[in-house]
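Residue numbers begin at 1 in each chain, while the letters A, B, ... track the order of the sequences.
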2 protein chains.
Amino acid sequence: MNLTRVLKALGDGTRLSIVNLLRVENLCVCEIEAILQSSQSNVSRHLAKLRDAGIIYSEKRSQWVYYGINTDILTEHSFIKTLLDEDLVKHPQYQQDVEKLRMYREQNYECGPIENTGA
Amino acid sequence: MNLTRVLKALGDGTRLSIVNLLRVENLCVCEIEAILQSSQSNVSRHLAKLRDAGIIYSEKRSQWVYYGINTDILTEHSFIKTLLDEDLVKHPQYQQDVEKLRMYREQNYECGPIENTGA
DNA sequence: TGACTATATTCATTTTTAATCATATGATAT
DNA sequence: ATATCATATGATTAAAAATGAATATAGTCA
């Protein structure tokens, strides 16, 4: 069933990190790769799984593929909205991911590894 | 992390059926077994997984073990409440399970298989 | 006590999922 | 055209999860 597929897709730490980041802004694969410090193929596969479950969508822009949260699913499965807005935000792990994204943006990187500025 | 364990536990059709039934009333293993028409060991294991994730609790009453939804988790992870109240109830599959529970109660069975009354 | 019932657990097996490496595709820039 | 970059995918391996059958444990009842 669709619902179990959605739940299965959300039942993984890396994928929760991804949707949490996408809550902030749309990102391309290499950016997610850099922020989560995971391999390209691994991130790509996790993204594919989330997309297959209908949780995110992808959009090609020149050589990059940007991913974003599929807002339709938030109305179809309202628990996801609750999960993102009330649950995920509480967890240090996911707050940290957002902080890494902020650092990444601050340093104006484009698809490179995050430098530890010793914050 | 705890959150992924909860989501993993919910990412299975049988286990969603179980929590959906327990939303209606507390049940023992053999009742769930009869209603979902699944094997004893299988149901027992699914229940264990849900309990390990903190979603349900168990309570021994003489030779039976009754399971119920752990209300604490509904405040800790508010998305579960949304999932149960707004999401699960919409799906025919889970409505059907509740109907089977009703039939089971109507026939006043105790831990036996459901008879198809041709409803 | 012995037979029986409800549940949990162990073992063996199968299925599913995750991760990694290597390669393919398609776009861009020179 | 060639080199390069971003992404996806195939193949493989490793790890985790699901299932069935059999067994163990504990409670009940006669």
Side-chain angles (χ1 to χ4, degrees), chain A residues 1-19 21-22 26-53 55-68 104 109-114, chain B residues 1-19 21-22 26-53 55-68 104 109-114:
Chain A
M1 184 193 300
N2 194 33
L3 181 55
T4 63
R5 197 152 51 114
V6 168
L7 283 163
K8 262 189 232 285
L10 292 172
D12 175 278
T14 304
R15 290 194 292 270
L16 279 183
S17 285
I18 290 174
V19 294
L21 287 175
L22 296 181
N26 288 6
L27 295 167
C28 70
V29 182
C30 65
E31 290 169 330
I32 297 169
E33 192 186 331
I35 294 161
L36 299 184
Q37 294 174 107
S38 183
S39 77
Q40 186 273 316
S41 73
N42 202 22
V43 168
S44 179
R45 271 176 221 283
H46 281 305
L47 286 165
K49 193 148 209 172
L50 286 167
R51 175 156 43 71
D52 289 351
I55 298 168
I56 62 177
Y57 69 93
S58 65
E59 181 191 1
K60 184 147 195 170
R61 266 188 255 158
S62 87
Q63 73 247 233
W64 295 280
V65 178
Y66 280 82
Y67 285 86
Y104 183 84
Y109 273 158
E110 295 180 11
C111 300
I114 288 184
Chain B
M1 186 194 301
N2 195 33
L3 181 55
T4 63
R5 197 153 50 116
V6 168
L7 283 163
K8 261 188 231 287
L10 293 171
D12 174 278
T14 305
R15 290 196 291 268
L16 279 183
S17 286
I18 290 174
V19 295
L21 288 175
L22 296 181
N26 288 8
L27 295 166
C28 71
V29 182
C30 65
E31 290 169 332
I32 296 169
E33 192 185 333
I35 294 161
L36 299 185
Q37 294 174 105
S38 185
S39 77
Q40 186 273 317
S41 73
N42 205 16
V43 169
S44 178
R45 270 189 293 230
H46 280 308
L47 286 166
K49 194 148 209 171
L50 286 167
R51 177 158 41 72
D52 289 352
I55 298 167
I56 63 178
Y57 69 94
S58 64
E59 179 190 5
K60 185 149 195 169
R61 267 186 254 161
S62 86
Q63 73 247 234
W64 295 280
V65 177
Y66 281 82
Y67 285 86
Y104 183 84
Y109 273 156
E110 295 180 9
C111 301
I114 289 183

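What separates NZ of B/K49 from C1' of C/dT16 is a distance of 11 Å, to the nearest Å. Rounded to an integer number of Å, the gap from A/W64 CH2 to D/dT4 P is 17 Å. The distance from atom CD of A/E59 to atom C1' of C/dA27 is 16 Å, rounded to the nearest whole Å. Atom-to-atom, CZ of B/R61 to C1' of C/dT5 comes out at 17 Å; the value is rounded to the nearest Å. The nearest whole Å value for the distance from the CD atom in B/E33 to the P atom in D/dA21 is 13 Å. When rounded to the nearest whole Å, the span between CG of B/L10 and C1' of D/dA18 equals 17 Å. In this structure, B/D52 atom CG and D/dA17 atom P are separated by 11 Å, rounded to whole Å. When the P atom of D/dA18 is taken as reference, atom CG of B/L50 falls 10 Å away, rounded to whole Å.
Contact annotation for B/R15: backbone-only contact, meaning every heavy-atom pair under 4.0 Å involves sugar-phosphate atoms and none involves a base. The residue A/Y66 sits apart from the nucleic acid: no heavy atom pair falls under 4.0 Å. Backbone-only engagement by B/S62 is indicated by non-hydrogen atom pairs under 4.0 Å involving sugar-phosphate atoms exclusively. Looking at heavy-atom distances under 4.0 Å, B/S44 makes contact with a base.
Between the side chain of A/K49 and the backbone N or O of A/A9, no donor-acceptor pair lies under 3.5 Å.
One N or O donor and one acceptor, one from the side chain of B/R45 and one from the base of D/dG20, sit under 3.5 Å apart. For D/dA8, the base has a donor-acceptor partner in the side chain of A/Q40 [N/O atoms by modelled type, under 3.5 angstrom].
In this structure, A/Y67 reaches the D/dA8 phosphate: one of its side-chain N or O atoms is under 4.0 Å from OP1 or OP2. Within the structure, a side-chain polar atom (N or O) of B/H46 is placed less than 4.0 Å from OP1 or OP2 of D/dT19. When the side-chain nitrogen and oxygen atoms of A/K60 are compared with OP1 and OP2 of D/dA6, none of them lie within a distance under 4.0 Å.
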Stepwise side-chain contact (heavy atoms from CB on, under 4.5 Å) test for A/L16 and B/L7: CA-CA 10 Å; A/L16 279 183; B/L7 283 163; 3.8 Å; yes
Evaluate the side-chain contact (heavy atoms from CB on, under 4.5 Å) criterion for residues B/N26 and B/Y57: first the C-alpha distance (whole Å), next the side-chain angles of each, then the deciding distance (0.1 Å), finally the verdict. CA-CA 10 Å; B/N26 288 8; B/Y57 69 94; 2.9 Å; yes
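If you find the closest nucleotide of DNA chain D to A/N42 and to A/K8, the one lying nearer the 5' end belongs to A/N42. Comparing B/R51 and A/T14 by the nucleotide of DNA chain C whose heavy atom lies nearest to each, the residue mapping closer to the 5' end is B/R51.
Looking only at side-chain heavy atoms (C-beta outward), A/R15 and A/V19 stay at 4.5 Å or farther from each other.
Residue A/D12 places its side chain closer to C/dA18 than to any other of D/dA18, D/dT7, C/dA18.
Between A/A53 and A/V6, the shortest heavy-atom distance links the atoms O-CG2, 3.6 Å.
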